2 protein chains.
Amino acid sequence: MQLSNTSQYAIRMLAYMADKKDSPLINATELSEALHIPYKFLTKIMTELVKADLVVSVRGREGGYSLSKKASDIKVDDILNIFHDSIQDKQCVLGIGFCNGMCKCALHDQWMEPKILLQKMFRDSSLEDIAGKGCKI
Amino acid sequence: MQLSNTSQYAIRMLAYMADKKDSPLINATELSEALHIPYKFLTKIMTELVKADLVVSVRGREGGYSLSKKASDIKVDDILNIFHDSIQDKQCVLGIGFCNGMCKCALHDQWMEPKILLQKMFRDSSLEDIAGKGCKI
DNA sequence: TTCAATTACTACTCATAGGTAGAATTTATA
DNA sequence: TATAAATTCTACCTATGAGTAGTAATTGAA
Ligand code: SF4
Ligand code: SF4
């Protein structure tokens with residue numbers, strides 16, 4: 001019951017970039033060192049974020065990455081969706097999900113509340129909310 | 001953000017057994033067919049449940065499995081613990097977890113509530129609660 | 001005693017996430 | 001133009017979860 005490593009890394013990478021919104025471009029070396037994420041793995045993840053249009057990249061010397069839009073417009077859930085880590089509406093704790101109405105187990109109703117809270121948290125929290133709270137993550 | 005396949009199977013297997021509390025022993029073939037879980041994988045999981053003392057097994061002809069205690073005394077969280085799928089108190093959404101007090105990100109407080117609900121759900125729900133609600137899972 | 005039905009053990013295969021290596025490509029600057 | 005600094009691409013390696021195969025051990029019943 002955890003987000004994937006990749007999703008966690010991606011969120012932290014983007015939050016760091018949002019936090020340094022004064023610098024126009026941030027490169028992979030800086031991110032890797034600041035966040036202690038393996039350089040090669042970080043660039044691999046970043047390329048996916050570029051393809052998903054959350055990040056724009058500038059190649060070549062003096063190149064780097066920057067957010068493609070305002071930090072307040074990038075939600076955590078946008079990131080989770082890229083790595084198939086988002087919580088689906090019909091997602092069931094037991095991996096079944098087709099029981100409904102009259103026929104449901106004891107977990108069914110109990111799962112609703114935390115599920116909705118998690119979805120809300122992911123959908124409402126933007127990079128701006130996460131970054132710049134005085135703590136590097 | 002899902003329980004592992006193994007945990008999901010284990011919960012369903014034990015819930016099925018709790019549901020048939022009149023039959024003293026239930027064998028792997030019946031479980032496999034009723035729950036559509038691959039036979040060999042099911043026996044592998046079951047052996048772990050036996051080692052964890054949630055199930056007692058009887059080998060040989062006319063053998064099978066039975067719960068080691070009352071269904072109401074086996075909580076979902078007991079099962080998750082075996083497969084390291086339980087939610088830890090200090091578990092952080094971003095895999096960090098050492099930020100505290102003054103220094104926390106926007107997800108920190110928001111994560112508390114669903115986390116506690118999930119822990120409560122897993123710790124309070126017993127096999128008895130899950131089984132026998134009129135729906136085979 | 002023999003046999004069939006059962007769980008347990010050992011050792012594999014397969015799929016996927018996590019991570020690494022090296023070369024190719026791009027581009028500003030010297 | 002040549003070089004160095006950067007991203008991107010292709011291909012791999014490693015660890016783990018999921019699942020399978022075959023055999024050994026156990027035991028009730030014919
Ligand atoms: S009733 Fe239980 S098993 Fe069925 S979809 Fe709801 S939570 Fe999942
Ligand atoms: S502040 Fe954020 S990153 Fe740090 S432990 Fe809390 S949730 Fe995790």
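First the proteins, then the strands, lettered A, B, ... as listed; each starts at 1. For clarity, every value in this text was computed on a predicted model and none was experimentally measured.
Residue B:Q2 contributes atom CD, which lies 11 Å from atom P of D:dA18 at whole-angstrom precision. At whole-Å resolution of the value, CD1 in B:I37 and P in D:dG19 are 10 Å apart. Put simply, CG on B:L80 is 16 Å from C1' on D:dG17, counting in whole angstrom units. Taking atom CD1 of residue A:I45 and atom C1' of nucleotide D:dT8, one finds them 15 Å apart after rounding to whole Å. The nearest whole Å value for the distance from the OH atom in A:Y39 to the C1' atom in D:dT8 is 10 Å. Per the geometry, CZ belonging to B:R59 stands 17 Å off P belonging to D:dT23, to the nearest Å. The CZ-P distance, from B:F83 to D:dT16, rounds to 17 Å in whole Å. Remark: P of D:dA18 and CG of B:L3 are 11 Å apart, rounded to the nearest angstrom.
For residues 34-58 of chain B, the set of pairs meeting the ring pair (Phe, Tyr, Trp, His ring centres under 6.0 Å) definition, not counting sequence neighbours, comprises B:Y9-B:F41.
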Please evaluate residues B:N27 and B:E62 with respect to the criterion side chain to side chain donor-acceptor pair (under 3.5 Å), reporting the C-alpha separation (whole Å), side-chain torsions for both, the decisive distance (0.1 Å), and the verdict. CA-CA 9 Å; B:N27 67 41; B:E62 307 288 294; over 6 Å; no
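For the pair B:M17/B:E30, no side-chain contact is recorded, criterion being any heavy-atom separation below 4.5 Å from C-beta on. B:Q110 places a side-chain heavy atom less than 4.5 Å from the side chain of A:S125. Between B:L49 and B:F83 there is a side-chain heavy-atom pair separated by less than 4.5 Å.
Across all strands, B:T43 comes closer than 4.0 Å to no nucleic acid atom at all (heavy-atom distances). Among the atoms of the strands shown, only primed sugar atoms or phosphate atoms (P, OP1, OP2) are found under 4.0 Å from some heavy atom of A:S4.
B:I96 is connected to A:F122 through a chain of hydrophobic side-chain contacts under 4.5 Å among Ile, Leu, Val, Met, Phe, Trp and Tyr, so both are in one cluster.
Comment: A:D124 engages A:K120 in a salt bridge, judged by a side-chain N to carboxylate O separation of less than 4.0 angstrom. With salt bridges taken as basic N to acidic carboxylate O contacts below 4.0 Å, one links B:R123 and B:D89.
Mapped onto DNA chain C by nearest heavy atom, B:K44 and B:N27 fall at different nucleotides, with B:N27 at the one closer to the 5' end. Both A:G60 and A:S7 lie close to DNA chain C; mapped to their nearest nucleotides by heavy-atom distance, the more 5′-ward contact belongs to A:S7.
Taking each heavy atom of A:Q8 and A:L3 in turn, the nearest pair found is NE2-O, 3.6 Å. A:R12 and A:L35 get closest at one heavy-atom pair: NH2-O, 2.8 Å.
For B:Y9 and D:dA18, the shortest distance from a side-chain N or O to OP1 or OP2 is not below 4.0 Å. For the pair B:T6 and D:dA18, the criterion of a side-chain N or O lying under 4.0 Å from OP1 or OP2 is met.
Residues from residues 61-70 of chain B with heavy atoms under 4.0 angstrom of DNA chain D, sorted by number: B:R61, B:E62.
Protein chain A touches strand DNA chain C; the 5'-most and 3'-most nucleotides with an atom under 4.0 angstrom of its non-hydrogen atoms are C:dG18 to C:dA28.
Distance from the side chain of B:K40 is smallest to D:dA21 among D:dA21, D:dT26, D:dT7.
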